[in-house]
Amino acid sequence: MQLIECPWCGPREETEFHYGGQAHVAYPADPDALSDEDWAHYVFFRSNTKGRFAERWSHSAGCRRWFNAVRDTATYQFHSFYRVGEQRPATS
Amino acid sequence: MTAEAPQPPGSQLPEHPDFLWRNPQPKKNYDVVIVGGGGHGLATAHYLAKNHGITSVAVLEKGWLAGGNMARNTTLIRSNYLWDESANIYEHSLKLWEGLEEDLDYPILFSQRGVLNLAHSLQDVRDSVRRVEANKLNGIDAQWVDPDEVKKLCPVVNISEDIRYPVLGATYQPRAGIAKHDYVVWGFARRADTAGIDIIQNCEVTGFVTDGNTVTGVRTTRGDIGAGQVALCAAGHTTTLTDMLGFKTPVQSHPLQALVSELLEPVHPTVVMSNAIHVYVSQAHKGELVMGAGVDSYNGYGQRGAFHIIERQMAAAVELFPVFARAHLLRTWGGIVDVCPDASPIVGRTPYDNLFLNCGWGTGGFKATPGVGWCLADTIANDEPHPYLAPFGLDRFVTGALVDEHGAAAVAH
């Protein structure tokens with residue numbers, strides 16, 4: 001079990017958190033203009049990066065707030081934690 | 001009453017086999033290149049040769065033969081899926097399993113000991129009974145059994161009403177079972193090799209050579225290999241390949257953990273699965289209890305997962321099987337499964353005319369091995385998706401014709 005650092009509560013055990021998949025997937029700016037294919041991509045298609053991946057976590061057994069993290073999907077090591085609305089840190 | 005003399009564990013297992021396939025240098029060109037030397041890739045190669053006479057085939061494996069998910073699964077075989085599309089392909093596969101030992105002329109220790117899928121709530125009961133009726137309509141053997149019948153089929157299940165998730169009954173598929181996964185691989189590899197197909201290990205795909213909408217070759221750590229047709233059978237790593245080809249699939253790779261206990265006397269005569277508390281158990285031929293859980297929640301390629309998943313799964317197993325409480329855990333491991341939004345696989349055409357995709361089997365790939373191999377070989381030979389695979393095309397995420405097996409398939413994803 002590893003520690004995950006909630007930007008509000010600090011480091012807590014992994015079991016307190018819920019995974020939310022890829023971060024920075026914006027709701028379509030002009031939904032009416034989307035084709036079926038565009039909608040399919042917005043609803044179903046996500047990156048499946050092997051390596052550093054920006055993703056969403058919820059501190060569901062704590063403050064219940066969502067935040068973002070950059071984690072390596074090959075090593076599972078977390079590289080940074082940041083609040084929703086903040087820019088993804090440059091971690092190359 | 002006469003008791004049979006006790007057999008030492010493993011006494012019915014065959015001798016360790018000799019080398020069963022060649023280790024050839026890759027040729028310059030093949031009619032068909034299959035990426036991935038796991039069960040699906042090898043089964044596809046076997047049926048290309050057997051059913052269609054196509055033997056100019058290379059199976060490329062980045063590591064060693066079937067050292068990925070084929071070495072890491074829990075070997076369960078069943079076809080009690082809810083939707084017609086799934087029932088068709090998994091039942092086709094189960095029928096092939098029933099004759100596979102003869103077909104491969106190799107022991108695979110296919111043991112049709114039946115599977116129980118437990119129900120723990122009224123909603124579970126309703127869903128289960130519905131699935132039993134759907135199975136019957138599709139010609140698949142299925143019964144609803146009450147807790148006393150569960151106890152008769154698997155005496156170590158705790159059917160007390162006082163536990164947190166009491167057993168309210170189960171679906172039962174008598175023809176379901178387990179097979180010896182290594183022997184399955186070796187049998188397919190041996191047959192494909194004998195037919196003249198090249199199985200090329202330590203050969204990682206690093207890119208593709210394309211010409212418009214055609215893939216003309218595969219770049220590998222052992223040089224470029226020309227290809228008439230290409231099939232991707234790389235399970236959890238498929239998106240690393242499709243990323244190189246510049247198109248997206250909606251699959252996400254997750255760790256799926258499993259574990260075995262020390263060897264025990266035969267105590268568990270069937271397969272027991274529980275969706276709600278998520279644990280599934282069978283007893284291997286040698287005597288280990290083989291258990292699996294659900295997938296770890298996060299994306300991962302690390303072939304391991306988080307310990308708390310195992311802890312949760314063990315808590316469920318011990319409540320359901322109190323007799324396991326003193327069993328020692330022998331080892332744990334993780335495979336990488338590619339999960340689709342509708343919990344069904346993606347097999348079929350891609351944006352490239354001669355490239356076929358086979359991925360997204362999630363936790364269900366092993367049982368599909370002969371079935372998907374048969375149908376994908378047919379698809380490659382006829383350049384047209386086999387009717388059993390047609391519903392599983394990539395385009396269903398745009399048309400909305402999903403095959404939504406979440407929960408319905410008797411296992412959480």
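Lettering of chains follows the sequences in order, A, B, ..., and the numbering in each one begins at 1. The shown structure was predicted, so the numbers you read here are calculated from the model rather than taken from an experiment. The analysis underlying the following values was restricted to heavy atoms, covering all of them including side chains, and did not include hydrogens, waters or symmetry mates.
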With heavy-atom distances below 4.5 Å as the criterion, would you say the side chains of Tyr301(B) and Asn48(A) are in contact?
yes
Largest heavy-atom contact set with chain B, pairs under 4.5 Å, which of Asp38(A), Val43(A), Thr49(A)
Thr49(A)
Between Thr249(B) and chain A, with a heavy-atom cut-off of 4.5 Å, which part of the residue counts as in contact: side chain, backbone, both or neither?
backbone
Just so I understand: if I count every heavy-atom pair under 4.5 Å between each of His308(B), Glu311(B), His237(B), Arg312(B) and chain A, which residue has the most?
His308(B)
How are the rings of Phe44(A) and Phe397(B) set to each other: parallel, tilted or perpendicular (split at 30° and 60°)?
perpendicular
So which residue, Glu14(A), Gln22(A), Glu55(A), Glu37(A), ends up with the most heavy-atom pairs under 4.5 Å with chain B?
Glu14(A)
For Gln123(B), is the CD atom crowded, meaning more than 12 foreign heavy atoms sit under 6.0 Å from it?
yes
Contact part of Trp57(A) toward chain B, heavy-atom cut-off under 4.5 Å: side chain, backbone, both or neither?
side chain
Does a sphere of radius 6.0 Å around CH2 in Trp8(A) hold more than 12 heavy atoms from other residues, nucleotides or ligands, not counting ones at 6.0 Å or beyond?
yes
Ile336(B) portion near chain A, given a 4.5 angstrom heavy-atom threshold
side chain
Correct closest heavy-atom pair for Tyr76(A) and Gly302(B) would be OH-N, 2.9 Å
Quick one: CZ on Phe45(A) to OG1 on Thr239(B), what's the gap to the nearest 0.5 Å?
12.0 Å
Side-chain heavy-atom pair Asn299(B), Arg71(A) within 4.5 angstrom cut-off
yes
Below 4.5 Å from any heavy atom of chain A, which atoms of Ser253(B) appear? Answer side chain, backbone, both or neither.
both
Ile310(B) versus chain A, the contacting section by heavy-atom distance below 4.5 Å
neither
Can a donor-acceptor pair be found, under 3.5 Å and without considering hydrogens, that links the side chain of Gln252(B) to the backbone of Ser47(A)?
yes
Taking every heavy atom of Arg46(A) against every heavy atom of Lys248(B), the minimum-distance pair comes out as C-NZ, 4.0 Å
